[in-house]
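Below is one structure, written out as structure tokens, with a few remarks after it.
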Amino acid sequence: MRKLEDTYQHKGLRKKLIDQLRTKGITSELVLEAMYNIPRHFFLDSAFDKIAYEDRAFPIAADQTISQPYTVAYQTQLLNIHRNDKVLEIGTGSAYQACVLAEMGAWIYTVERQRKLFEMHKSFFFKGKYPNIKFFYGDGFEGLATYAPFDKILITAAAPFIPPKLVEQLKTGGLMVLPVDEGNMQRMLRITKKADGSYVQEWFDYFSFVPMLKGKNN
Ligand code: SAH
């Protein structure tokens, strides 16, 4: 197995990345601190070691991507995470985003439809550090009815529409953050669920995500 080392050089590059995120408009110190604490290069192939702290997405297994740090920070900030929040994440990917949420003290239920990525996380190198992350293999459009309701739901793939089952699995007053597909780009949406089951929508900036696809992939 690959040796995981977090050197002073990595920490220095990470500090620079955090400063860049601040310049780009991320204001939540809780989010910035969590991202400073997590060695992003651990989640990438060693070939990316030198560039792991550039503010860009990178390829991971199964033709998927680890989101750009700015995108991770942006979505996490919109979720307004509190300690002990119960969070459903759709699209585990590299599990970097799940770790950022776990580092903030939330309980994470993360779902991935690519079997290869799910299998990789069975020997997850951060299992000891983050026992508050549970991994699932499934279709995110279905959510996790058994574990519902959730305080927060995060979709990290381009959603063609607001998945109705996920709205059902959100607590009253709960937040869901998702990039909604508008053709070439996705617009970030946050919904707040009301007591009558309906929700309020707030629209934010445009981003680019890999598609949220139906069903599981073996
Ligand atoms: N949060 C990830 C980003 C991964 S990219 C990270 O931090 O690295 C989006 C991921 O969503 C991909 O791994 C893709 O396979 C997954 N995905 C797409 N559609 C899905 C669905 N319906 N259910 C679960 N995962 C899905």
Side-chain angles (χ1 to χ4, degrees), residues 14 17 21 31 34-35 37-45 48 51-79 81 87-104 106 108-122 124-126 130 132-148 150 152-167 169 176-181 185-186 188 207-218:
R14 204 145 70 234
L17 171 63
L21 296 177
V31 173
M35 289 180 69
N37 289 341
I38 299 174
R40 187 176 188 240
H41 64 284
F42 286 8
F43 298 79
L44 295 166
D45 190 274
F48 295 105
I51 51 175
Y53 294 101
E54 290 180 10
D55 189 18
R56 45 182 279 214
F58 289 109
I60 56 171
D63 289 328
Q64 301 303 320
T65 58
I66 176 172
S67 300
Q68 185 182 341
Y70 176 68
T71 308
V72 172
Y74 194 99
Q75 289 200 293
T76 310
Q77 179 164 289
L78 284 179
L79 278 174
I81 295 295
V87 183
L88 172 65
E89 182 197 21
I90 308 303
T92 313
S94 68
Y96 174 72
Q97 169 77 72
C99 288
V100 172
L101 296 165
E103 175 70 22
M104 296 176 79
I108 320 305
Y109 298 75
T110 183
V111 182
E112 174 58 57
R113 70 179 289 280
Q114 294 282 353
R115 183 180 277 282
K116 192 171 171 190
L117 290 174
F118 171 73
E119 296 292 336
M120 268 169 48
H121 295 124
K122 283 192 175 156
F124 186 53
F125 53 87
F126 266 172
Y130 297 121
N132 47 338
I133 305 179
K134 280 191 163 65
F135 294 92
F136 299 85
Y137 171 53
D139 177 2
F141 283 100
E142 301 296 319
L144 288 174
T146 328
Y147 295 89
F150 298 94
K152 313 278 162 72
I153 299 180
L154 172 62
I155 305 183
T156 68
F161 50 82
I162 303 170
K165 289 190 181 162
L166 298 190
V167 178
Q169 293 173 24
M176 171 152 71
V177 172
L178 68 160
V180 179
D181 211 14
M185 297 289 276
Q186 294 86 47
M188 201 62 80
F207 291 85
S208 179
F209 283 82
V210 297
M212 181 175 182
L213 301 171
K214 287 241 183 228
K216 291 189 274 191
N217 190 15
N218 252 298

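Atoms within a ligand are numbered from 1 in the order they appear, just like the ligands themselves.
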Inter-residue atom distance [X].[atom1] - [Y].[atom2], 0.5 Å rounding:
| X | Y | atom1 | atom2 | value |
| --- | --- | --- | --- | --- |
| F207 | M185 | CZ | CE | 8.5 Å |
| K214 | F141 | NZ | CZ | 5.0 Å |
| T92 | I60 | OG1 | CD1 | 9.5 Å |
| E112 | L117 | CD | CG | 4.5 Å |

Around [atom], find the nearest protein heavy atom and jot down its residue, atom name and distance.
| atom | value |
| --- | --- |
| atom 11 (O) of ligand 1 | G91 CA, 3.1 Å |
| atom 14 (C) of ligand 1 | Q64 OE1, 3.3 Å |
| atom 13 (O) of ligand 1 | E112 OE1, 2.8 Å |
| atom 5 (S) of ligand 1 | T65 O, 3.2 Å |
| atom 9 (C) of ligand 1 | T156 O, 3.3 Å |

May I ask you to list the atoms of ligand 1 that are less than 4.0 angstrom from any heavy atom of [X]?
| X | answer |
| --- | --- |
| G140 | 21 (C), 22 (N), 23 (N), 24 (C) |
| M212 | 18 (C), 19 (N), 22 (N) |
| Q97 | 1 (N), 7 (O) |
| V210 | 5 (S), 9 (C) |
| T92 | 1 (N), 2 (C), 6 (C), 8 (O) |
| Y96 | 7 (O) |
| E89 | 1 (N) |
| S94 | 6 (C), 7 (O), 8 (O) |

- Close aromatic pair by centroid cut-off 6.0 Å: F126 and Y96: no

Record the part of [X] in heavy-atom contact with ligand 1 below 4.0 Å; permitted values are side chain, backbone, both and neither.
| X | value |
| --- | --- |
| Q114 | side chain |
| L117 | side chain |
| R113 | both |

- Does even one non-hydrogen atom of P211 get within less than 4.0 Å of ligand 1? yes

- Task: Please report the C-alpha distance between Y130 and F124 in whole Å, then the side-chain angles of each, then the deciding distance to 0.1 Å, and finally whether the ring-ring contact (aromatic ring centres under 6.0 Å, His included) criterion is met.
- Result: CA-CA 10 Å; Y130 297 121; F124 186 53; 7.6 Å; no

- Look only at the side chain of R40 and the backbone of Y53, and say whether a donor-acceptor pair between them is shorter than 3.5 Å. no

- Message: Treating N217 as the side-chain partner and R113 as the backbone partner, does any N or O pair qualify as donor plus acceptor under 3.5 Å?
- Response: no

- Message: Applying side chain to side chain donor-acceptor pair (under 3.5 Å) to R115 and N218, what does each step give before you reach the verdict?
- Response: CA-CA 5 Å; R115 183 180 277 282; N218 252 298; 2.8 Å; yes

- Query: Under a 4.0 Å N-O cut-off, is there an ion pair linking E119 with K122?
  - Reply: yes

- Message: In terms of relative ring orientation, are F125 and F43 parallel, tilted or perpendicular, with 30° and 60° separating the classes?
- Response: perpendicular

- Closest to atom 19 (N) of ligand 1 (heavy atoms only, candidates L213, T110, V111, I155) is L213

